[in-house]
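Please read the structure below before turning to the comments.
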Amino acid sequence: MARSKRADYDAVVVGAGPNGLAAAITLARAGYSVIVYEASDTVGGGCRSKELTLPGFTHDVCSAIHPYGVASPFFQTLPLEQYGVEWVHSPAPLAHPLPDGRVATLERSLDKLGRSLGRDAAAWRRLIAPRIAQWDDIVAGALGPIHPLRQLRRPSAALALARFGAYALQSARGMAERAFDDDPARALVAGIAAHAMLPLEQAPTAAAAVLMITMAHVVGWPLARGGSQRVVDALAAYLRDLGGEIVTGTPINSLGELPPARAILADVTPRQLLALAGGRLPERYAQRLKRYRYGPGVFKIDFALDGPVPWSNPDCLRAATVHVGGRLPEIAASERAVWNGAAPERPFVLLAQQSLFDGTRAPAGKHTVWAYCHVPHASDMDMTGRIEAQIERFAPGFRDRILAKHAMTARQMEAYNPNYVGGDINGGLADLFQLFTRPIITPNIGNPYATPTPGLYLCSSSTPPGGGVHGLCGYFAAQAALRTVFGMNATDLDALGSAPASQIVVEEPVQ
Ligand SMILES: Cc1cc2nc3c(=O)[nH]c(=O)nc-3n(C[C@H](O)[C@H](O)[C@H](O)COP(=O)(O)OP(=O)(O)OC[C@H]3O[C@@H](n4cnc5c(N)ncnc54)[C@H](O)[C@@H]3O)c2cc1C
């Protein structure tokens with residue numbers, strides 16, 4: 001049996017990613033004893049930071065930018081600030097350099113978009129202002145345990161989601177080319193939609209773009225001062241203060257290794273759950289889990305620099321996130337190539353320059369750059385040269401500033417964290433079908449987290465609402481366990497401190 005202080009627990013969680021920790025906190029807040037087992041030596045899953053390159057340079061190993069963290073109705077109920085989390089906003093959430101020297105800048109304020117989007121600023125406002133007005137309902141729907149029928153229970157959310165859902169049936173490319181005339185707005189949409197890791201001609205990439213754009217305006221795209229690790233360290237410290245236990249350095253190979261418990265919540269993807277459960281899952285359910293599909297992988301690279309990135313257009317220095325990939329057609333071609341199994345010659349690069357806004361990340365005058373691009377599933381292609389070449393196009397002299405670098409192929413990502421199957425960072429493909437059927441199609445629409453094995457739940461990003469550091473998969477899975485296994489009723493669950501979406505704080509843009 002895996003190491004533990006007690007002989008048995010009310011609940012055991014496998015995996016200390018943001019969702020595993022969120023599940024454990026929810027159970028501990030309800031007064032139940034809980035222990036978390038983590039394979040790695042540190043907590044955090046996809047939310048760790050480390051000195052990957054040189055002493056004094058702190059790099060976010062996986063997640064870096066946290067719109068989902070600040071938007072999460074669950075995180076908003078936690079005393080994260082008291083436990084050391086400080087969100088840092090750059091003056092603009094996102095910059096996107098174009099080959100003609102212009103930079104498309106996504107500003108927090110709709111009123112400031114004119115400078116970079118020109119005549120498309122009015123169309124941007126027409127598209128996004130209604131979504132900002134419906135933000136509470138969109139959060140309740142899109143960041144809830146997504147199922148279209150479930151939303152019918154709340155009429156206002158159903159209406160907002162029906163409007164938002166119209167984008168779920170559209171492609172980002174179609175939407176951008178219809179709505180906008182010029183490259184800056186189209187490129188912004190393309191780069192943001194590419195986070196979905198699907199071809200931009202495919203639904204629901206328009207919805208992915210609209211959701212993330214609305215987040216940029218409403219809550220911003222901040223980073224965590226000191227590194228993303230601070231977020232999970234805060235979750236872990238809060239859990240311990242609630243009486244929860246965490247055991248690191250303990251990979252669980254079979255559910256049989258766990259101490260006896262009434263509920264087991266697994267922060268793993270379906271493929272790992274099958275291995276962990278062995279024969280415990282009914283055959284029909286196991287077959288359906290086997291059909292769960294994974295998406296493309298990522299190639300990740302971190303740089304230590306002896307100065308900031310020498311962007312040709314200094315407007316790029318106003319944003320913590322920079323999307324490097326040029327115009328919409330070029331980004332679309334890159335994502336299509338990946339989808340078709342080829343590593344793109346000119347990859348679309350997602351880049352963050354945290355040290356410009358957080359002096360703790362690097363020694364004075366030095367800087368960190370975090371970057372990744374999409375690659376075919378399970379690729380072991382080294383994309384270092386291609387990523388550097390893309391950055392050089394928009395920042396000549398970038399290579400000369402590199403002091404050290406650290407890269408991981410898609411296969412190495414999976415070795416680093418078994419939840420990244422084939423390098424897929426979203427816990428499974430988020431196409432239109434699997435967006436609504438994570439992890440399987442189930443008639444139990446309020447509870448996709450439960451398995452047919454009593455007391456066994458999935459709580460990772462392979463469940464709704466999917467990828468991102470928000471803890472909501474863990475929170476909803478724990479709520480399901482509290483209802484079913486521990487017999488808590490809706491009133492007791494509400495009293496646990498889940499904030500209604502209307503309590504979301506809308507921050508003023510950073511000047
Ligand atoms: C390069 C990259 C960039 C990203 N950028 C962002 C970003 O900027 N913003 C954002 O919001 N999200 C981002 N993400 C996605 C985000 O990190 C994930 O969606 C999130 O971490 C999922 O949380 P989780 O708890 O479901 O799983 P994970 O974070 O993957 O955690 C799972 C944990 O379970 C452990 N585990 C698995 N199997 C076992 C076992 N058998 N026994 C014990 N422990 C086990 C793992 O070691 C891991 O610690 C990024 C991811 C990557 C890789």
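We count ligands from 1, going down the list as the structure has it; atoms in each ligand are counted the same way. One-based numbering along the sequence shown. Not measured: the values here are computed from a predicted model.
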Under the side chain to side chain contact (heavy atoms under 4.5 Å, CB included) test, which residues partner Leu432, sequence neighbours left out?
Ala168, Leu169, Ala203, Pro204, Phe436
Flag for Thr269-Gln272: side-chain donor and acceptor within less than 3.5 Å
yes
Would you mind checking if Asp358 and Arg361 are paired as a salt bridge, meaning a charged N to carboxylate O distance below 4.0 Å?
yes
N/O to N/O under 3.5 Å, ligand 1 against protein:
from	atom 1	to	atom 2	distance (Å)
ligand 1	8 (O)	Ala64	N	3.1
ligand 1	8 (O)	Ile65	N	3.1
ligand 1	8 (O)	Ile65	O	3.2
ligand 1	9 (N)	Ile65	O	2.8
ligand 1	11 (O)	Val469	N	2.9
ligand 1	17 (O)	Gly46	O	3.0
ligand 1	19 (O)	Gly468	N	2.7
ligand 1	25 (O)	Pro18	N	3.3
ligand 1	25 (O)	Asn19	N	2.9
ligand 1	25 (O)	Asp267	OD1	3.1
ligand 1	25 (O)	Asp267	OD2	2.8
ligand 1	26 (O)	Asn19	ND2	2.8
ligand 1	26 (O)	Asp267	OD1	3.1
ligand 1	26 (O)	Ser461	N	2.9
ligand 1	29 (O)	Gly46	N	2.7
ligand 1	30 (O)	Asn417	ND2	2.8
ligand 1	41 (N)	Ile252	O	2.8
ligand 1	42 (N)	Ile252	N	2.9
ligand 1	44 (N)	Ala39	N	3.0
ligand 1	47 (O)	Glu38	OE2	2.7
ligand 1	49 (O)	Glu38	OE1	2.7
ligand 1	49 (O)	Glu38	OE2	3.0
ligand 1	49 (O)	Gly45	N	3.3
ligand 1	49 (O)	Arg48	NH2	3.3

Please step through ring pair (Phe, Tyr, Trp, His ring centres under 6.0 Å) for the pair His195 and His323, ending with a clear verdict.
CA-CA 10 Å; His195 285 247; His323 283 165; 5.1 Å; yes
If the threshold is 4.0 Å, N to carboxylate O, is there a salt bridge linking Lys405 and Glu388?
yes
Got a salt bridge between Asp60 and Arg48, using NZ or NE/NH1/NH2 to carboxylate O under 4.0 Å?
no
